[in-house]
Amino acid sequence: MSTADLALPVDVPSTALFTDRYEFTMLQAALKSGAAHRRSVFEAFTRRLPEGRRYGVAAGTGRVLDAVENFRFDAPVLEFLERERVVDAATLKWLADYRFTGDIWGYPEGEVYFPGSPILRVEGSFAEAVLLETVVLSILNHDSAIAAAASRMAVAAGGRPLMEMGARRTHELAAVAAARAAYVGGFRSSSNLAAGFRYGLPTIGTSAHAFTLLHDSERDAFTAQVESLGRGTTLLVDTYDLTEAVRTAVEVAGPELGAVRIDSGDLLLLAHRVRQQLDDLGARETKIVVTSDLDEYAIASLAAAPVDAYGVGTSLVTGSGHPTCAMVYKLVARASVPGEADAPLTPVAKRALGGKTSVGGRKWAARRLDADGVAEAEVVGSGEIPADLVDRQLLVPLVRGGEVVGREPLDAARTRHIAARAGLPLSATQLSRGEPVLPTETM
């Protein structure tokens, strides 16, 4: 399935320079030594979860596939590399024909992960695979951080709709990726039209305080909005006096008013007051939407409030305090004999102080369940997988022989995450700080 098959309206530009320079200098040296074509296995994983988090969320997989597909060196890119003397002429010639022809396996998007989980496994020649390091980590670290924050917020919301509204709080391109990742993690819509255009996300939005301030009175502003968008619109009611604004909103739109939005103040107290006022005015079906610098803790504190939906911005697009997942991309195995594609793989691993030691070997991962079908351990190993775990393997094929085979609609990742989270022990949904909800067992 290609991006065209999914009717994505925006082509992904070349991702060839979403790299660090040392990837090219390693490539050049490896081409000269002859090691560049040695079969290699790289894995993306994290050694630990962000402090206090109980599970991670694999997100950005679909964007990684787009990036691999579009990792191409056209004439302007090659001219830049030549002009800046990044690599020599022989390496430029090799890059001109670059196409990833290897295999990629990984956790399907939306799946949960834990320390040591081989979230993505890239197999091919050293030359092909090493160049993908930075772009893979850039996507997975960002998107997984946003999806994990979104998942925690979705748990705190208890089924009430969540709207992503963070575009103005991050880089304009990161905002599009953040909206996508938030959707995977449980958000229902986004204010970002670019995300709606590219990924088909439902988009929302009505008016800001500026629209009210533009008019001579709040009544004039509400009337203009209702006449333009209909009685089912959402009116922002905290520009001036909240009580007066709610009364005016119902007078203008009638009891058919869709919703009111509160963007400041003591949201718990105000939500109760507004709900009572709306009911007294006969607008019992009018919903209450709250915004105003929400995070998962603020959302949880409103669990008993008569709130119908939440809009979240800054905290979401910054990963709610953890904007990265600290994933790394490490060579874990290489062919035992250079130049022989069928040679057995030899595990390799970095030895280091300070917790940066990694485990060598081409790995599989499986989730062991208890007698009640609840996950009890993340099992990671190399070599033959135990028979009782064969049907519980987590990695799926994403690319075979350079061809993308694992692309799927975004709703599939969103649905998968809901199921994966539901399969964890109940303590996974606690917002209090704690250790990963599953231990990682290495075999």
Side-chain angles (χ1 to χ4, degrees), residues 2-3 11-44 63-106 120-141 327-352 358 360-362 398-405:
S2 68
T3 53
D11 291 332
V12 177
S14 170
T15 51
L17 292 184
F18 291 171
T19 53
D20 290 312
R21 181 164 178 152
Y22 81 158
E23 289 157 13
F24 289 100
T25 55
M26 284 190 288
L27 168 66
Q28 176 176 302
L31 286 171
K32 286 186 175 181
S33 74
H37 307 297
R38 195 169 196 168
R39 182 185 171 206
S40 300
V41 180
F42 286 83
E43 289 175 354
R63 295 208 307 121
V64 167
L65 298 182
D66 290 342
V68 171
E69 242 181 6
N70 291 279
F71 205 91
R72 303 284 187 270
F73 294 84
D74 56 18
V77 169
L78 293 171
E79 289 169 5
F80 166 78
L81 294 174
E82 182 178 25
R83 183 173 67 251
E84 297 298 317
R85 299 182 179 180
V86 176
V87 292
D88 59 20
T91 306
L92 287 172
K93 183 177 180 181
W94 186 89
L95 289 172
D97 296 322
Y98 179 90
R99 297 290 186 274
F100 181 76
T101 62
D103 300 330
I104 299 178
W105 290 68
L120 199 76
R121 190 176 73 216
V122 180
E123 304 184 27
S125 70
F126 177 85
E128 286 184 335
V130 74
L131 290 180
L132 300 178
E133 175 184 5
T134 299
V135 69
V136 164
L137 290 179
S138 177
I139 293 171
L140 292 181
N141 269 313
M327 292 187 198
V328 294
Y329 183 91
K330 298 297 182 182
L331 181 67
V332 297
R334 56 167 171 75
S336 56
V337 181
E340 292 188 13
D342 297 329
L345 290 171
T346 298
V348 294
K350 172 183 177 180
R351 292 181 181 178
S358 55
R362 180 183 184 271
L398 300 172
V399 176
R400 281 200 185 106
E403 296 296 322
V404 173
V405 296

How close do [X] and [Y] get, heavy atom to heavy atom, and via which atoms?
X: Ala333; Y: Val348; answer: N-CG2, 3.6 Å
X: Leu78; Y: Ala96; answer: CD1-CB, 3.7 Å
X: Ser336; Y: Thr346; answer: CB-OG1, 3.2 Å
X: Leu331; Y: Ser40; answer: CD1-CB, 3.6 Å
X: Gly401; Y: Asp103; answer: N-OD1, 2.7 Å
X: Ala129; Y: Tyr329; answer: O-OH, 2.8 Å

Nearest 0.5 angstrom please: [X] [atom1] to [Y] [atom2], how far?
X: Arg38; Y: Ser33; atom1: CZ; atom2: OG; answer: 9.5 Å
X: Arg63; Y: Ile139; atom1: CZ; atom2: CD1; answer: 4.5 Å
X: Met26; Y: Leu31; atom1: CE; atom2: CG; answer: 12.0 Å

Taking side chain as C-beta onward, heavy atoms only, is [X] less than 4.5 Å from [Y]?
X: Arg334; Y: Leu345; answer: no
X: Val404; Y: Val68; answer: no
X: Val136; Y: Leu120; answer: yes
X: Phe71; Y: Tyr98; answer: yes

Legend entry - Pairwise side chain to side chain donor-acceptor pair (under 3.5 Å) hits with a residue in residues 123-141, at least two apart: Asp20-Thr134, Tyr22-Glu133, Glu23-Thr134, Thr101-Glu128, Arg121-Glu123, Glu123-Arg362, Asn141-Thr324
Inset, instruction - Any pair with a residue in residues 71-81 that passes side chain to side chain donor-acceptor pair (under 3.5 Å), sequence neighbours left out, goes on the list, sorted by first then second residue, please. - result: none
Legend entry - Carboxylate-amine/guanidinium proximity below 4.0 Å for Lys32 and Asp88: yes
Inset, instruction - May I ask you to check whether over 12 heavy atoms, not counting those of Arg85, lie within 6.0 Å of atom CZ? - result: no
Legend entry - Counterpart residues, side-chain contact (heavy atoms from CB on, under 4.5 Å), relative to Phe24 (two or more places apart): Leu17, Thr19, Phe73, Leu81, Val86, Val87, Leu95, Leu131
